[in-house]
A.B. asks: 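Before anything else, here's the structure in question.
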Amino acid sequence: MLLRRARLEDLGEIYDVRQSATENRLYESREVFLEIARPIVVDRLCWVCEAQNRRIVGFGASDAASGAIDVLYVRPDMEGRGIGKGLLRKCCDDLLLRGHRIVWLTTGEGTRAEGFYRKLGWRSFPSKIPGEVLFRRSLLR
């Protein structure tokens, strides 16, 4: 597996990974998603995980301005192999290099993603949005 920065030519496969999600389903059309995702790849910090066959099997993106992890998705058939953990680490490392000491993200309450972040030691806090969980973590070790 190779973790690398996303490129514009990856957007189609990133869409496919996002569409494969079993939780937090995407309902935008491919065209709308590509329009929304293009600046994320260009302007933000986006990483992909590429399998040996060069198929993109996961991606994660952070927002350097806010210090948030915007998205983190892994194809369901590739879960449990450390891909999400590796992508999350890359996004956090980038945010630390840009001066953030605390990183945050939100996810749905009762989702597998919530359990994933808890297992990795992220602390949850009340969210203003019903059904959402806010997580924060210090980037200083």
Side-chain angles (χ1 to χ4, degrees), residues 1-129 131-141:
M1 301 285 183
L2 170 69
L3 297 178
R4 63 169 175 79
R5 293 202 187 272
R7 301 182 292 251
L8 285 176
E9 58 266 24
D10 297 328
L11 283 172
E13 282 192 84
I14 289 171
Y15 174 80
D16 293 341
V17 170
R18 181 66 176 85
Q19 277 295 93
S20 73
T22 56
E23 295 180 335
N24 194 13
R25 299 289 307 199
L26 174 68
Y27 298 103
E28 289 95 2
S29 70
R30 184 181 189 91
E31 293 75 26
V32 170
F33 176 84
L34 295 178
E35 184 178 320
I36 293 168
R38 181 176 301 277
I40 292 170
V41 170
V42 172
D43 297 336
R44 295 185 183 170
L45 307 167
C46 187
W47 291 86
V48 296
C49 179
E50 189 176 86
Q52 290 178 345
N53 62 2
R54 297 196 169 194
R55 174 182 175 223
I56 293 176
V57 296
F59 73 99
S62 57
D63 182 338
S66 70
I69 303 296
D70 281 343
V71 294
L72 183 66
Y73 285 93
V74 176
R75 288 184 185 273
D77 63 329
M78 298 299 288
E79 290 176 359
R81 301 178 190 204
I83 295 167
K85 189 175 179 180
L87 288 166
L88 185 60
R89 186 177 310 116
K90 287 288 191 184
C91 291
C92 288
D93 288 349
D94 272 344
L95 291 172
L96 181 62
L97 287 172
R98 283 160 175 76
H100 291 279
R101 300 296 179 249
I102 303 287
V103 64
W104 65 276
L105 59 87
T106 60
T107 194
E109 191 174 65
T111 61
R112 288 188 342 268
E114 180 185 3
F116 171 76
Y117 296 116
R118 287 190 192 286
K119 184 178 177 182
L120 292 177
W122 288 63
R123 291 189 53 212
S124 64
F125 296 86
S127 174
K128 295 177 183 177
I129 301 172
E132 180 181 85
V133 181
L134 169 67
F135 283 99
R136 290 192 306 199
R137 183 172 188 153
S138 172
L139 295 176
L140 302 176
R141 302 187 205 274

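Note that the coordinates shown come from a computational prediction; the quantities given were computed from them, not determined experimentally. Residue numbers start at 1 and run along the sequence shown.
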A.B. asks: Could you grab the distance from atom CG of Asp77 to atom OG of Ser20, nearest 0.5 Å is fine?
C.D. replies: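 Those atoms lie 7.5 Å apart.
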
A.B. asks: Nearest 0.5 Å, what's the CD1-CG distance between Ile102 and Leu95?
C.D. replies: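 With rounding to 0.5 Å, CD1 (Ile102) is 11.5 Å from CG (Leu95).
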
A.B. asks: On a heavy-atom basis, which atom in Leu3 and which in Lys90 lie closest, and how many Å separate them?
C.D. replies: CD1-CG, 4.0 Å

A.B. asks: Can you list the residues that meet the side-chain contact (heavy atoms from CB on, under 4.5 Å) rule with Leu134, with sequence neighbours excluded?
C.D. replies: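 Partners of Leu134 under the side-chain contact (heavy atoms from CB on, under 4.5 Å) test: Trp104, Thr106, Phe125, Ser127.
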
A.B. asks: Out of curiosity, Asp94 CG to Asp63 CG, how far, rounded to the nearest 0.5 Å?
C.D. replies: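 The CG atom of Asp94 sits 12.0 Å away from the CG atom of Asp63.
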
A.B. asks: Measure from the side-chain N and O atoms of Arg75 to the backbone N and O of Ile56, and report whether any donor-acceptor pair falls under 3.5 Å.
C.D. replies: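 Yes, because the side chain of Arg75 sits within donor-acceptor range (under 3.5 Å) of the backbone of Ile56.
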
A.B. asks: Could you name each residue pair satisfying ring-ring contact (aromatic ring centres under 6.0 Å, His included) that touches residues 52-72, not counting sequence neighbours?
C.D. replies: Phe59-Tyr73

A.B. asks: What's the shortest heavy-atom distance between Val103 and Gly67, and which atoms?
C.D. replies: CG2-O, 3.2 Å

A.B. asks: Residues in side-chain hydrogen bond (donor to acceptor under 3.5 Å, both in side chains) with Ser124, at least two apart?
C.D. replies: Arg118

A.B. asks: In chain order, what residues pass the salt bridge (Lys or Arg N to Asp or Glu O under 4.0 Å) check against Arg30, with sequence neighbours excluded?
C.D. replies: Asp16

A.B. asks: How many angstroms lie between atom OG1 of Thr107 and atom CZ of Arg112, to the nearest 0.5 angstrom?
C.D. replies: 10.5 Å

A.B. asks: May I ask you to test the Met1-Val57 pair for a side-chain heavy-atom distance under 4.5 Å?
C.D. replies: yes

A.B. asks: Please list, chain by chain and in numerical order, all residues satisfying side-chain hydrogen bond (donor to acceptor under 3.5 Å, both in side chains) with Glu35, sequence neighbours excluded.
C.D. replies: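 For Glu35 there are no side-chain hydrogen bond (donor to acceptor under 3.5 Å, both in side chains) partners, ignoring immediate neighbours.
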
A.B. asks: Check ring-ring contact (aromatic ring centres under 6.0 Å, His included) between Tyr117 and all other residues, then give those that pass, not counting sequence neighbours.
C.D. replies: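 For Tyr117, the residues satisfying ring-ring contact (aromatic ring centres under 6.0 Å, His included) (neighbours in sequence not counted) are Trp122, Phe135.
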
A.B. asks: Looking at Ser66 and His100, what are the two nearest heavy atoms and their distance?
C.D. replies: C-CE1, 3.8 Å

A.B. asks: Might you point out which heavy atoms bring Arg5 and Asp10 nearest each other, and give the distance in Å?
C.D. replies: O-OD2, 4.3 Å

A.B. asks: Would you please name every residue forming a salt bridge (Lys or Arg N to Asp or Glu O under 4.0 Å) with Glu50, sequence neighbours left out?
C.D. replies: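 Only Arg4 meet the salt bridge (Lys or Arg N to Asp or Glu O under 4.0 Å) criterion with Glu50.
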
A.B. asks: Can you see which heavy atom on Leu34 is nearest to which on Gly12, and at what distance?
C.D. replies: CD2-N, 4.2 Å

A.B. asks: Which residues pass the side-chain contact (heavy atoms from CB on, under 4.5 Å) test with Glu109, sequence neighbours left out?
C.D. replies: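 Partners of Glu109 under the side-chain contact (heavy atoms from CB on, under 4.5 Å) test: Glu114, Val133.
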
A.B. asks: Taking salt bridge (Lys or Arg N to Asp or Glu O under 4.0 Å) as the definition, give me every residue that meets it alongside Glu9, ordered by chain and number, with sequence neighbours left out.
C.D. replies: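 In terms of salt bridge (Lys or Arg N to Asp or Glu O under 4.0 Å), with neighbours along the sequence ignored, Glu9 is linked to Arg7.
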
A.B. asks: Give me the atom names and distance for the closest heavy-atom approach of Gly58 to Leu87.
C.D. replies: C-CD1, 3.6 Å

A.B. asks: Name all residues meeting the salt bridge (Lys or Arg N to Asp or Glu O under 4.0 Å) criterion together with Arg38; count only those two or more places apart in sequence or in a different chain, and write none if there are none.
C.D. replies: none

A.B. asks: What pairs with Leu96 under side-chain contact (heavy atoms from CB on, under 4.5 Å), at least two apart in sequence or on another chain?
C.D. replies: Arg101, Leu139, Leu140

A.B. asks: Just how far is it from atom CG of Leu105 to atom CG of Leu88, taken to the nearest 0.5 Å?
C.D. replies: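 Between atom CG of Leu105 and atom CG of Leu88 there are 7.0 Å.
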
A.B. asks: Has the side chain of Arg137 got a donor or acceptor atom that lies under 3.5 Å from a matching backbone atom of Leu120?
C.D. replies: yes

A.B. asks: Would you say the side chain of Arg98 lies within less than 4.5 Å of the side chain of Leu45, judging by non-hydrogen atoms?
C.D. replies: yes

A.B. asks: Taking side-chain contact (heavy atoms from CB on, under 4.5 Å) as the definition, give me every residue that meets it alongside Cys91, ordered by chain and number, with sequence neighbours left out.
C.D. replies: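 Once residues adjacent in sequence are excluded, the partners of Cys91 under the side-chain contact (heavy atoms from CB on, under 4.5 Å) criterion are Trp47, Ser62, Ile69.
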
